[in-house]
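For reference, the structure is listed below as C-alpha cells.
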Amino acid sequence: MLSVFRSFIRSKFGALFAILFLGVIAAAFILGDVTSGNYGSPLGGGATAAKADGYKLTETELQDRVQRVFENARRTNPGLQIGDFFEQGGARQVFDQLVASLTLKAFADDQGVHISKRLVDAQIAQIPAFQDAAGNFSNDNFRALLVRERLTEQALRDDISREILQRHLLAPVGLGVKLTDSMVLPYASLLLEARQGTVAAIPAVAFLDDKNPTDAQLADYYKKNASRFTIPEQRRIRYAVVDAERFAQAAQPTEAEISASYNQNKAAYAARQSRSVEQLVLPTQAGAKAIADQVKGGKSLAAAAQGAGLAVSTLADQSREALTATAGKGVADAVFAGKQGDLIGPVRGSLGWLLLRVTATKETPARPLDAVRGEIVTALRAQKEKQLLSDFTGKIEDAIANGDSFEEVAKDNGLKLETSPPLLATGKQVKDQAYAAPADIQPLLAPVFAMSADDDAQLIPITADKRYALAAPGEITTAAPPPLAEVKQLVLAQYKLNAGNLKAKALAEQIQAKVAKGAKLADAIAQAGVKLPAPQMLGGRRADIMRGEQRPPAEVAILFAMAANTVKTLPIGQDRGYFVVQLNKIERGDAKNQPALLNQVRTQLADVVGQEYGQQFERAIEKELGVTRNAKAVEQVRSALAATNSGEQ
C-alpha cells in the first residue's frame with residue numbers, strides 16, 4: 001500500500017534506473033547497461049563531473065552511462081525521446097547513483113574495506129547470461145558475452161565489486177528499523193481516507209478550427225514539435241538460418257553404431273522384475289512385530305499402521321537395483337524373494353525396522369535389438385545432429401572471429417543470406433501495421449537491436465540445439481521525424497488539436513476562477529458558450545483507488561493532493577484538453593482500531609525508512625570526504641545527447 005505514497009514523489013522512470021544500475025547486475029548486463037567505462041578511476045576523458053578522494057567521474061563516462069540507460073528504457077518504450085527522459089529526471093538519477101558509487105568506493109578504501117575476488121566470482125557465476133542450459137557457469141558463454149559487449153573482464157568485475165560494496169555498506173544501515181504506532185498511524189489512516197469531487201472535461205475537439213494554417217505556420221509547428229512525430233530507430237536484419245535438418249542424412253546412424261549402442265546399454269534391454277510395495281518404518285523391532293501380528297490376524301498394513309498413529313508409504317514399480325539403493329540390499333532381497341500379497345519383515349533398514357507388503361509384481365521380458373531398433377535410431381540420430389550442428393556453428397563462429405565477412409561465411413558454408421524489411425525493435429513495420437515478424441526473426445530482434453552497426457555477425461539461437469541464425473544489423477535508420485510531406489495530414493490534425501487545446505486551457509482557467517469565487521461547476525460549464533460534457537462525480541477511498549502498482553486516472557489522483565474546497569485545472573494530456581477538478585468532500589480515515597493494517601504499513605514504511613537511512617548515510621560520507629559535484633554536468637550531458645539522438649531540439 002505504501003507504493004501509493006512513493007508513486008507520487010518518484011518519477012515514472014525512477015524504479016527502472018534503480019534496477020538497471022544498482023540492484024540487478026545480471027539484468028543490466030543482458031540489456032547492455034554494464035559499461036566498459038571505468039567510472040571511479042583516474043581514467044576516462046572529458047571534464048570532471050564529480051570527484052571523491054582521488055577518484056573521479058568524467059562527463060564522458062556519465063554521458064556513456066546515461067546514453068545506455070536511455071537506450072535500455074527505449075527498448076521497452078520505443079516512443080521515448082531523450083527530452084522526455086531528462087524531464088522525468090532520468091539523467092539526474094543516473095548521476096546521483098554514479099556519485100554514490102564513487103563515494104562509497106572512496107569510503108571503503110579509506111576504511112580498509114575490500115571486495116574479494118572470490119565474492120565477485122560467486123556473483124558472476126549466478127548471472128544467468130553466463131550459465132549453460134543446465135544452469136552451471138559456462139566460461140565459453142562468459143567470454144563470448146564479454147566480446148559481444150566489447151567489455152573487459154576487469155571492467156565487469158569493477159562494476160560488480162561496486163554493486164556488492166553498496167549492498168554491504170548501505171543495507172545494514174537500515175536494518176532493525178522500528179516505528180511506533182504514533183509514527184505509523186497517520187500513514188495508515190491516510191489509506192482509509194475518502195474523497196469526493198466533481199470533474200468537468202473541456203475537450204480540445206470542442207474548439208477545432210475549420211480554417212487550415214498556412215504552409216509556413218504548419219512547417220514552424222512541425223519543427224518545434226518534431227519529437228512528437230519521431231519514428232523510432234528502424235533496422236533491417238540480415239540473417240542466415242542454420243537448421244539441424246541439414247544434417248539429417250549425415251546423422252543417420254550406421255548398423256555398427258546401432259549395434260554398439262545396443263551392446264553398451266544391454267542392461268536396459270535385459271529382462272527385469274519389479275515390485276510395488278507398501279512400506280512402514282518403525283523405530284523398534286518389537287513395535288514392528290506387533291504390527292506384523294495384526295496384519296497376520298487379518299488387518300491390512302494401512303489399517304494396522306493407522307491404529308498406531310502411523311502411515312504407510314508406497315513404492316511403485318521398483319527394480320531390485322532401485323530398491324537396493326533406497327532401502328538396502330537385505331530389504332531388496334527379501335522383497336524380491338516374496339510373492340504378491342506377502343508381508344515382508346520386520347527387516348532392519350537404515351531408518352529403522354521395516355514392514356513391507358508386496359502389492360504387485362511385474363515381469364518385463366528382454367527386448368532384442370530388432371524390438372528397440374527404432375528408439376535407438378531416433379536417439380543416435382538426435383545425438384549426431386546435435387554434435388554436427390555444434391561443430392558447424394563452432395566453425396562459423398571461428399570464421400567470424402578470424403575476420404571473415406558475413407557474406408563470405410554464408411557463401412562458404414552454403415547458407416542462404418536473407419534480409420528483413422525495416423523493422424522497429426518491437427518487430428513491427430512503420431508502413432505496414434499488419435506486418436508480423438516471422439518466427440525466425442522474432443528471437444533476433446533484441447540481440448540485433450543491441451548490436452552496433454559495425455559489430456560482427458552473431459549466432460543467435462532460434463530453437464536451442466535445433467535452429468540458429470547468423471545475424472547482424474543491415475541498414476539502420478536512426479530515430480527521426482519523417483519529411484513533413486509524408487505526414488502532413490497527421491501534423492495538420494495535431495496542429496488544430498494543439499490550437500484547440502490552448503483555447504480549452506483558457507476556458508478551463510476562466511471556469512476555475514468562477515468556481516473559486518463561489519459559482520457551481522455545473523453552472524459554469526453550462527454558461528461556457530460551447531457545448532461541453534456534463535460534470536461527473538468521482539472519488540472513493542484512497543486504498544481502493546490506488547491499490548497495487550497501477551496508478552489511478554490523473555483526474556482522480558489529483559483529488560488526494562488538493563486542499564479542502566479548492567478547484568484546480570489539469571491537462572488531459574496529448575493536447576486533448578483540460579479537466580476542471582473541484583474537491584467537494586474529505587472523509588478522514590482512522591486506523592487506530594485496525595492493528596492488521598497498522599502492522600502492514602509499519603513493515604512497508606520500515607523498508608522505506610531503512611532505504612532513506614542508507615541514502616542519508618551516503619550523503620554524510622559525501623560531506624565527510626568533501627565530494628564535489630559539477631552542477632552543470634547533467635545539463636552538459638543533456639546538450640551532448642540531444643545533439644546525438646535524433647528528434648531532439
Side-chain angles (χ1 to χ4, degrees), residues 1-19 23 88-89 92-93 96 170-171 173-201 512 515-516 521 535-573 578-617 619:
M1 291 183 183
L2 282 185
S3 59
V4 171
F5 306 119
R6 299 189 66 77
S7 66
F8 277 113
I9 61 174
R10 293 184 303 197
S11 72
K12 66 181 179 181
F13 298 116
L16 170 65
F17 302 128
I19 291 173
Q88 293 294 336
R92 172 60 61 181
Q93 290 189 47
D96 288 343
L170 297 184
V173 176
L175 291 178
V177 174
K178 292 184 179 180
L179 304 176
T180 64
D181 283 354
S182 61
M183 294 179 67
V184 175
L185 183 60
Y187 294 97
S189 296
L190 277 177
L191 295 174
L192 302 179
E193 181 183 272
R195 296 194 174 201
Q196 187 181 74
T198 307
V199 179
Q512 178 193 19
V515 175
L521 181 55
Q536 301 292 318
M537 298 291 291
L538 297 176
R541 197 171 67 161
R542 187 191 299 261
D544 297 329
I545 291 173
M546 302 180 180
R547 188 180 301 277
E549 294 298 322
Q550 293 185 344
R551 293 189 178 189
E555 64 272 24
V556 176
I558 195 174
L559 291 172
F560 292 91
M562 295 173 63
N565 303 314
T566 57
V567 59
K568 289 188 176 184
T569 62
L570 178 72
I572 297 175
Y578 275 76
F579 290 117
V580 179
V581 183
Q582 182 179 24
L583 178 60
N584 302 327
K585 183 171 65 174
I586 300 176
E587 294 180 1
R588 303 295 181 186
D590 187 356
K592 186 183 300 181
N593 297 319
Q594 298 200 28
L597 178 60
L598 283 172
N599 287 333
Q600 181 181 359
V601 173
R602 190 193 322 276
T603 299
Q604 296 178 353
L605 196 58
D607 291 339
V608 175
V609 172
Q611 293 170 17
E612 292 176 354
Y613 283 173
Q615 293 170 7
Q616 292 300 321
F617 177 65
R619 289 303 174 93

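Throughout, numbering of the chain's residues begins at 1 and tracks the sequence.
- Residues forming a side-chain hydrogen bond (donor to acceptor under 3.5 Å, both in side chains) with Glu193 (at least two apart in sequence, or on another chain): Arg195, Arg542, Arg588.
- Not counting sequence neighbours, Asp590 has no partner by the side-chain hydrogen bond (donor to acceptor under 3.5 Å, both in side chains) test.
- Residues satisfying the side-chain hydrogen bond (donor to acceptor under 3.5 Å, both in side chains) criterion with Asp181, sequence neighbours excluded, are Arg602.
- Here CG of Leu185 is found 12.5 Å from CG of Leu179. Values are rounded to the nearest 0.5 Å.
- Between Ala591 and Leu597, the shortest heavy-atom distance links the atoms CB-CD2, 4.0 Å.
- Considering only heavy atoms from C-beta on, Asp96 comes within 4.5 Å of Arg619 through its side chain.
- For the pair Leu598 and Ala188, the tightest heavy-atom approach, listed with the atom from each and the gap, is CD2-CB, 3.8 Å.
- Phe579 places none of its side-chain heavy atoms less than 4.5 Å from the side chain of Ile558.
- Residue Leu559 holds its CG atom at 10.5 Å from CD of Gln582, rounded to the nearest 0.5 Å.
- Met537 is listed as a side-chain neighbour of Asn584, based on a closest heavy-atom distance under 4.5 Å.
- When side chains are defined from C-beta on, Leu192 counts as touching Gln594, because their heavy atoms get closer than 4.5 Å.
- For the atom pair CG (Leu583) and NZ (Lys568), the distance works out to 10.0 Å, reported to the nearest 0.5 Å.
- Nearest heavy-atom pair, Val177 versus Tyr613, reported as atom, atom and distance to 0.1 Å: CG2-CE1, 3.7 Å.
- Closest heavy-atom contact between Tyr187 and Val601: CB-CG1, 4.1 Å.
- Distance check, rounded to the nearest 0.5 Å: CG of Leu191 to CD1 of Ile545 gives 12.0 Å.
- The two atoms that bring Leu521 and Ala200 nearest to each other are CD2-CB, 4.1 Å, heavy atoms only.
- For the residue pair Gly614 and Val173, the shortest heavy atom distance occurs at N-CG1, 4.0 Å.
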